[in-house]
Amino acid sequence: MRRELFFEHTEDGCRVAILEDGVLSEVHAESTKDQKETESLFLGRIEQIRPSVGAAFVNIGLEQNGFLPLDADRPLRCGEMILVQAVAKQATASKGLRLTQKINLAGKVLVLVPGSEGVHLSKKIKDEALRQALQSAAEAICPAGCGLIVRTASQDVTREQLGEEVNALYERWKAVEQKAK
């Protein structure tokens, strides 16, 4: 049997077709349009604060305002400009994106968490010697004022690769902070 794979990748997604002996056997399509908003960072203006629903509504430049749950530790004011990140829940026809002020910048093997402290390792890393080595390496490279999450994929990388990734993530964070000013 002869199998052929055809794919098309565009800004809006990816389509894949499989032909078996010249006959179409499978078609798969995945839209990335909505995924672009998930985990994206936005500088938004607080439009409304609704204590009754425990949220602020933030204008992030999309059709609908984003939904930001209120945090008792961080009081907000209408008109205030804030940096927010879209979380996994997607916008719908009647609701805007769900937002958070807890920013996470994900890399392949690390996640930089600005405004946090400490190093946390994936629970899927079971080998205790490896856990200790990764913990030590991550603590040594963790930027001040940030926390790090060491992902499962970090098990097969060198200390230098960890350092390169944290530097790239930290530079990205600094660029975001600069643009937000």
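Cluster membership check: L62 shares its hydrophobic cluster with L99, using side-chain heavy-atom separations under 4.5 Å among Ile, Leu, Val, Met, Phe, Trp and Tyr. The hydrophobic clustering, which links ILVMFWY residues whose side-chain heavy atoms are closer than 4.5 Å, places Y170 and V111 apart. Hydrophobic clustering (ILVMFWY, side-chain heavy atoms < 4.5 Å, transitive): V87 and I149 are in distinct clusters. If you chain together hydrophobic residues whose side chains sit under 4.5 Å apart, L105 and V109 fall into the same group. Transitive grouping of hydrophobic side chains (ILVMFWY, heavy atoms separated by less than 4.5 Å) keeps V113 and L41 in distinct clusters.
The closest donor-acceptor contact from the side chain of R151 to the backbone of G107 lies under 3.5 Å. Side-chain atoms of E47 never come within 3.5 Å of backbone atoms of N65 as a donor-acceptor pair (strictly under, hydrogens ignored). At least one donor-acceptor pair under 3.5 Å links the side chain of K126 to the backbone N or O of K123.
The shortest distance between side-chain heavy atoms of I49 and C78 falls below 4.5 Å. Annotation: side chain of P69 is in contact with side chain of R98 (closest heavy-atom distance under 4.5 Å). Taking 4.5 Å as the limit, every side-chain heavy atom of V58 sits out of range of all side-chain heavy atoms of F42. Side-chain contact between L68 and L76 is present, with at least one heavy-atom pair separated by less than 4.5 Å. Here the side chains of L148 and I141 are in contact, with some heavy-atom distance below 4.5 Å.
Residues I125 and R131 share a closest heavy-atom pair of O-NH1, 2.9 Å. Between V119 and A138, the shortest heavy-atom contact is CG1-CB, 3.5 Å. L162 and L134 get closest at one heavy-atom pair: CD1-CD2, 4.0 Å. Here the closest non-hydrogen pair linking A153 and K108 is CB-O, 3.6 Å. Taking every heavy atom of both residues into account, I46 and A56 meet most closely at CG2-CB, 4.2 Å. Smallest separation of non-hydrogen atoms from K102 and Q85: O-OE1, 3.7 Å.
Atom CD of E164 sits about 12.0 Å away from atom CG of L169, to the nearest 0.5 Å. For the atom pair CE of M81 and CG of N59, the computed distance is 8.5 Å after rounding to the nearest 0.5 Å. One finds the CD atom of E20 at 12.5 Å from the CZ atom of R2 (value rounded to the nearest 0.5 Å). Between the CD atom in Q132 and the CD atom in E128 there is a gap of 5.0 Å [rounded to 0.5 Å]. With rounding to the nearest 0.5 angstrom, the CD atom of Q101 is 4.5 Å from the CD1 atom of I82. Rounded to the nearest 0.5 Å, atoms SG (C146) and CD1 (I103) are 11.5 Å apart.
A salt bridge links K174 and E177; the closest N-O separation between the charged side-chain nitrogens and carboxylate oxygens is under 4.0 Å.
Judged purely by distance below 3.5 Å, without hydrogens or angles, the side chains of E139 and Q135 pair a donor atom with an acceptor atom.
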Applying side chain to side chain contact (heavy atoms under 4.5 Å, CB included), run through L110 and V150 and close with a yes or a no. CA-CA 5 Å; L110 297 170; V150 181; 4.0 Å; yes
Does L97 form a side chain to side chain contact (heavy atoms under 4.5 Å, CB included) with V84? I'd like the steps, not just the answer. CA-CA 11 Å; L97 286 173; V84 292; over 6 Å; no
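T152 is linked by a side chain to side chain donor-acceptor pair (under 3.5 Å) to S122, counting only residues two or more places apart in sequence or in another chain.
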